[in-house]
Amino acid sequence: MKRLCLILAALAAFATPAAVTAQMQALFGYSTFYLPQEDRPYMETYLQVDAWTVGFVQQPSGVYKATVEVTLVARQQDSVVFAKKYDLGSPTVGSLDELDFSFLDVQRFALPNGVYEIELTLRDKSNEEQRPAMVTEKVVVNYDGSHPALSSLQLMADATPTVGEGNMLSRGGYDMEPYVSDFYPEQVEQLNFYYEIYNIEREVGRKPFLAMAYIERAETGARIEGMQTASRKNSAPVVPVYGSLDIKELASGNYNLVVELRNRDNQTMMYKKVSFYRSNPGVKAKEISDFAMTFAGKYTDEKQLDIYLDGLYPIASELEKEVSRELIKRPGLEEKQAFLYRFWTARDAMAPEAAWLKYKERIDYVQEHFSYPRTPGIHTDFGRVYLQYGPPDYVRDEKNYVGANKIGSRQIQPFNTMQSNEGQAPTDGIAGTSQGHVYYLPYQLWRYNKLETDDPNRVFIFWDEHRSGYYLLLNSNARGEVQEVGWERRLCRQQLPEDVVGEVGEQFNRGY
């Protein structure tokens with residue numbers, strides 16, 4: 001099965017708030033395959049980095065090149081099964097005006113049957129202070145040499161017959177370029193795919209069988225007329241299948257690519273599907289315009305609608321994130337209305353408008369309260385957390401907190417942690433230590449009594465590193481969030497020794 005992940009790494013090391021919003025963007029996918037003759041499953045990973053979102057550094061020769069540090073780890077429970085750390089270099093360019101491209105990396109490694117967590121970490125090496133971006137995926141590998149099986153259904157950008165010994169992208173007699181995204185814009189007119197069939201002779205013997213592929217609507221399962229293909233195959237230990245469907249006339253919407261294997265009696269033996277989104281505003285425009293009659297049709301200000309689509313990002317699936325990002329790039333009111341309607345219908349088919357209006361209140365709130373010059377509230381860390389989890393159950397806001405230095409001969413009276421200490425700023429206006437005090441930079445503590453997908457009492461610490469009023473997420477104990485070792489030392493500018501929990505650390509542990 002193929003997964004799609006959009007990786008966004010905020011660059012937090014710049015002094016100006018405008019630079020803080022810069023992002024590295026990449027797509028990550030994977031497929032699993034099997035070598036029956038060796039009884040060995042293996043995995044392929046695909047990483048596609050958008051060149052214009054990473055830093056290009058001038059080389060001694062005068063050309064420019066970007067380098068991304070990649071760490072790829074496969075874990076099974078507490079054991080590391082595979083790990084690789086390497087530098088991914090971009091193609092060189094002669095000018096920084098030539099960055100309208102993406103560069104691809106493919107890794108292939110053995111992975112026995114089992115359940116794994118794949119962890120990918122990226123860091124732009126042009127900025128040593130940048131916080132790494134990390135994404136994790138759960139992967140199930142299950143191939144049995146005694147039964148027929150299908151590999152992952154892999155979307156392809158292109159495939160050409162292999163000449164000679166081939167390369168890393170060669171398989172089944174083809175040199176293949178993976179299509180890492182699940183988004184098909186209107187300029188892409190062919191949907192190419194590849195998969196492998198294993199041990200099919202155990203099901204059909206030496207008899208031929210039929211390999212079919214077609215497109216269906218994701219919401220209803222209805223097949224799209226005229227968009228299917230079928231070919232007769234002979235059984236073998238490994239049967240590679242490469243196919244292509246013409247999607248020039250496929251209207252915008254959510255779809256599944258489905259492959260089926262049928263025996264001579266037309267009985268389905270195995271099938272597999274992968275979802276994708278098609279954007280094709282020039283086809284069946286009337287069908288899309290019907291969404292103007294729904295609640296989504298009330299939003300006719302396209303710029304405001306772009307903000308609302310952008311604000312869905314924290315709760316969207318990876319495919320929905322990619323689709324909304326592409327829609328926002330260009331004009332197309334009706335298509336955006338259709339996306340908004342489908343998004344909320346997928347979450348609450350009985351009352352999509354009520355679900356949307358409840359979430360819209362969050363967007364309006366973060367835009368009003370968390371916006372910063374040149375940075376809308378939905379793009380701030382405050383805004384992202386508020387949109388994803390809702391309003392916190394408790395907020396502690398400290399502008400100049402002074403705590404006790406519990407290390408050494410002197411110790412002040414413990415501070416009342418249930419009140420703000422805004423009036424006790426250090427005399428020089430900078431974090432510092434004196435007479436047993438520890439001075440902290442401005443911070444906010446948010447506590448959630450219960451998150452839907454996590455344990456109780458999840459806490460978020462945001463900090464204003466430059467005293468500019470712009471807060472970034474520093475640490476959290478929520479699953480999937482930033483968990484930084486030594487965060488409290490950063491908050492008090494290294495005044496606390498390592499491995500010592502200060503008063504703000506105690507607040508974090510308590511949740512207030």
Side-chain angles (χ1 to χ4, degrees), residues 1-7 25-32 44-48 50 102 104 137 150-159 176-195 211-229 241-260 271-284 287-288 291 309 312-313 316-330 332 335-336 338-343 345-347:
M1 184 180 295
K2 179 178 178 293
R3 303 277 184 179
L4 172 68
C5 305
L6 181 62
I7 301 171
Q25 297 179 4
L27 295 174
F28 175 66
Y30 72 84
S31 298
T32 64
E44 276 191 357
T45 62
Y46 319 107
L47 175 63
Q48 181 177 296
D50 292 341
S102 300
L104 177 69
E137 289 285 349
L150 293 177
S151 73
S152 295
L153 177 53
Q154 186 178 20
L155 299 177
M156 306 300 304
D158 194 17
M176 302 188 182
E177 180 184 347
Y179 192 86
V180 186
S181 174
D182 292 344
F183 176 78
Y184 282 81
E186 58 185 322
Q187 61 266 29
V188 179
E189 298 182 344
Q190 294 291 128
L191 188 152
N192 306 313
F193 60 91
Y194 176 84
Y195 65 99
M212 298 181 58
Y214 56 88
I215 295 174
E216 67 177 18
R217 291 193 177 276
E219 296 89 350
T220 64
R223 296 191 187 186
I224 306 301
E225 184 178 354
M227 296 189 184
Q228 64 181 22
T229 183
V241 180
Y242 173 77
S244 182
L245 292 171
D246 188 326
I247 58 173
K248 288 194 296 292
E249 299 303 317
L250 186 63
S252 300
N254 294 293
Y255 298 94
N256 295 322
L257 169 66
V258 186
V259 298
E260 285 186 9
Y271 77 96
K272 187 158 287 192
K273 63 176 65 178
V274 61
S275 61
F276 67 96
Y277 183 87
R278 174 65 165 165
S279 175
N280 202 4
V283 175
K284 296 183 181 178
E287 179 179 305
I288 294 178
F291 290 96
L309 295 190
L312 299 177
Y313 189 90
S317 69
E318 301 302 336
L319 175 56
E320 289 167 338
K321 292 174 184 178
E322 176 71 2
V323 172
S324 64
R325 187 166 67 115
E326 293 295 329
L327 290 177
I328 292 169
K329 288 180 180 179
R330 62 173 189 268
E335 194 173 9
K336 294 170 183 178
F339 178 84
L340 183 67
Y341 177 80
R342 290 181 177 126
F343 185 96
T345 300
R347 283 154 178 79

Just wondering, are more than 12 heavy atoms of other shown residues or ligands nearer than 6.0 Å to CD in E225?
no
Gap between atom CD of E216 and atom NZ of K273 - 0.5 Å precision:
4.0 Å
What residues form a ring-ring contact (aromatic ring centres under 6.0 Å, His included) with Y341, not counting sequence neighbours?
F291, F295
Could you measure the distance from the CD atom of Q154 to the OH atom of Y242? Nearest 0.5 Å is fine.
11.0 Å
Just do the side-chain contact (heavy atoms from CB on, under 4.5 Å) check on K336 and L309 with the steps written out, would you?
CA-CA 8 Å; K336 294 170 183 178; L309 295 190; 3.8 Å; yes
Do R278 and I247 come close enough that some side-chain heavy atom pair is under 4.5 Å?
yes
List in chain and number order the residues that pass side chain to side chain donor-acceptor pair (under 3.5 Å) with R330, two or more places apart in sequence or in another chain; answer none if no residue qualifies.
S279, E335
Between Y255 and R217, is there a side-chain heavy-atom distance shorter than 4.5 Å?
yes
Scan side-chain atoms only and decide if S102 and D50 contain a donor-acceptor pair under the 3.5 Å cut-off.
yes
Under 3.5 Å side-chain donor-acceptor pair for E326 and Y277
no
Which heavy atom of R342 sits nearest to which heavy atom of S252, and what is that distance?
NH2-O, 3.5 Å
Qualifying residues under side chain to side chain contact (heavy atoms under 4.5 Å, CB included), relative to T45, sequence neighbours excluded:
F28, Y30, M43, L72, Q107, F109
Working to the nearest 0.5 Å, report the span between OH of Y194 and OG of S151.
7.0 Å
Kindly compute the distance separating CD1 (I215) from CD (Q228), expressed to the nearest 0.5 Å.
10.0 Å
Heavy-atom closest pair, residues N280 and L250:
ND2-O, 2.9 Å
Considering residues at least two apart in sequence or located in another chain, which fulfil the ring-ring contact (aromatic ring centres under 6.0 Å, His included) criterion with Y184?
Y179, F276
Search all heavy atoms of L319 against all heavy atoms of F183 and return the closest pair with its distance.
CD1-N, 4.3 Å
Can you label the angle between the F343 ring and the F339 ring as parallel, tilted or perpendicular, going by 30° and 60°?
tilted
So which atom in E249 and which in M227 form the shortest heavy-atom distance, rounded to 0.1 Å?
C-CE, 3.7 Å
Residues at least two apart in sequence or cross-chain that pass side chain to side chain contact (heavy atoms under 4.5 Å, CB included) with A346, listed by chain then number, are none
Locate the shortest heavy-atom distance separating L150 from K272; write the atom from each residue and the value.
O-NZ, 3.3 Å
Search all heavy atoms of A218 against all heavy atoms of N256 and return the closest pair with its distance.
CA-ND2, 3.8 Å
Please identify each residue that fulfils side chain to side chain donor-acceptor pair (under 3.5 Å) with S244, with sequence neighbours left out.
Q190, N192
To the closest 0.5 Å, what do you measure between OG (S181) and CD (E318)?
11.0 Å
Contact check, side chains of L191 and L257, non-hydrogen atoms, under 4.5 Å
yes
Taking atom types as modelled and ignoring hydrogens, do the side chains of E44 and Y46 form a donor-acceptor contact shorter than 3.5 angstrom?
yes
